[in-house]
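Every value quoted in this text rests on a predicted model; they were computed, and no experiment measured them. Note that ligands are numbered from 1 as they come in the structure, with each ligand's atoms numbered from 1 the same way.
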Amino acid sequence: MSNSDNIASARAHSNIAFIKYWGNRDHKLRLPANSSLSMNLADLHTTTTVEWSYALQVDSLTINGAPAGDIPLARVRRHLDALRHRLNTDWHARVESRNNFPIGTGIASSASAFAALTVAAVAAYGAEFEERELSTLARLGSGSAARSIPAGFVEWRAGDSHESSYAETFAHSNHWDLVDVIAIVSRDHKRVGSSAGHQTADTGSLQRGRVECASGRLRDVKAAIKARDFERFAPIVEEDSNLMHAVMMTSKPPLFYWQPLSLAIMDSVRRMREQDALQVCYTLDAGPNVHCICLAADALAVATRLQAISPKIDIMRSGVGGGGVVIPLAGA
Ligand code: PMV
């Protein structure tokens, strides 16, 4: 162990997928049904400090300064078990995690949280792993966390084993000036989280069709990003989101994340593109909030139009972000 203090801090960003991850071929290892692609969100991040100690009897976790509840604590302990196994230690850890985006906005924090936890825990132990291995380890905590380790536009190769299922940068953060204007429709905690949702993905008849054509969409979206071609990019991103939600709605039991306001926003985004020539498209994760992906030059106009739909909508925005990195000790 080369880090004599056994403590380190790391920061990782949230990400929004253009080609979605939904369903696993191996739930325990979180080996996904299909490869996926996302962009990291520069302005939404988690900062985590991990301290390993032989003197601790149990792992502890605070989130934004308050002791975590039983469910997040159990999930973090399971992830620390996986890291202990890899680091070959039986020490316990004190974990302090802070999100710069408000918890309970319905914006998933598991990707940035498990990426930051993985990077901080490995660094605190004094180990140095390649980005690829950090991505596989983060994946064990939350699938999409694998994509928050590398920077910029990131592809997660589905793989067929722990070692071969990892994410890597497809294009750097400054490759294309895209912005995610997030329309927050509901701040309610989702009733069915994504981990439970992945388990039911195969119970309906549509998942197989979605997965079969996912590699074609991935290929096309990569070509569109490479060429910075928004007209090619937009319909693929919207179709991929619609397909995932069609799978969700036809699973057993069905999962409906869209709300009436989500539909009004999706409709408005299509009109912004078709009638106002704004370069914008929508995508939704496992929740009702609508991520409006647009060119930076159109972000203000998009935000203004979204706000006009309903005063109930809150807006957040972010450009393309970097990867998970060790930072100077937070709060020290
Ligand atoms: O990483 P998880 O288990 O929270 O799954 C994320 C699933 C989606 O956000 C709905 C899609 C994605 O690819 O990010």
*Does the N or O separation between His198 and ligand 1 drop below 3.5 Å for any pair?*
yes
_Do Leu44 and Met39 land in one hydrophobic cluster if side-chain heavy atoms of ILVMFWY residues count as linked below 4.5 Å?_
yes
*Would one find an N or O of Arg30, backbone or side chain, under 3.5 Å from an N or O of ligand 1?*
no
*Just jot down the ligand 1 atoms closer than 4.0 angstrom to any heavy atom of Ala17, in number order.*
12 (C), 13 (O), 14 (O)
Result block: side-chain N/O donor-acceptor pairs under 3.5 angstrom for residues 309-326, not counting sequence neighbours:
| from | atom 1 | to | atom 2 | distance (Å) |
| --- | --- | --- | --- | --- |
| Ser310 | OG | Lys312 | N | 2.9 |
| Asp314 | OD2 | Arg187 | NE | 3.2 |
| Asp314 | OD2 | Arg187 | NH2 | 2.9 |
| Ser318 | OG | Ala42 | N | 2.9 |
| Ser318 | OG | Asp43 | N | 2.9 |

*Report the relative orientation of the aromatic rings in Trp52 and Tyr125; use parallel for angles under 30°, tilted for 30 to 60°, perpendicular for over 60°.*
perpendicular
*Heavy-atom contacts with Ala286 under 4.0 Å: which atoms of ligand 1 show up? List them by number with element.*
10 (C)
*asked:* Only heavy atoms of Gly143, strictly under 4.0 Å: list the atoms of ligand 1 that pass.
replied: 1 (O)
*Thr46 and Ser112: side-chain donor and acceptor closer than 3.5 Å?*
yes
_Within ligand 1, which atoms have a heavy atom of Ser110 less than 4.0 Å away?_
4 (O)
*Report whether Leu37 and Trp176 are members of the same hydrophobic cluster (ILVMFWY, side-chain heavy atoms less than 4.5 Å apart, transitive linking).*
yes
*Going by the angle between their ring planes, with limits at 30° and 60°, are Trp22 and His198 parallel, tilted or perpendicular?*
tilted
*Short list, please: which atoms of ligand 1 are under 4.0 Å from a heavy atom of Ser142?*
1 (O), 2 (P), 4 (O)
_Which of the ligand 1 atoms, numbered from 1, are nearer than 4.0 Å to a heavy atom of Met244_ = 10 (C)
*For His245, enumerate each residue passing the ring pair (Phe, Tyr, Trp, His ring centres under 6.0 Å) test, keeping only those at least two apart in sequence or located in another chain.*
Trp258
_Same apolar cluster: Val247 and Val211, side chain cutoff 4.5 Å_ = no
*Do Lys20 and ligand 1 have an N or O pair less than 3.5 Å apart?*
no
*Do Ser195 and ligand 1 have an N or O pair less than 3.5 Å apart?*
no
_Arg147-ligand 1 polar pair, N/O distance under 3.5 Å_ = yes
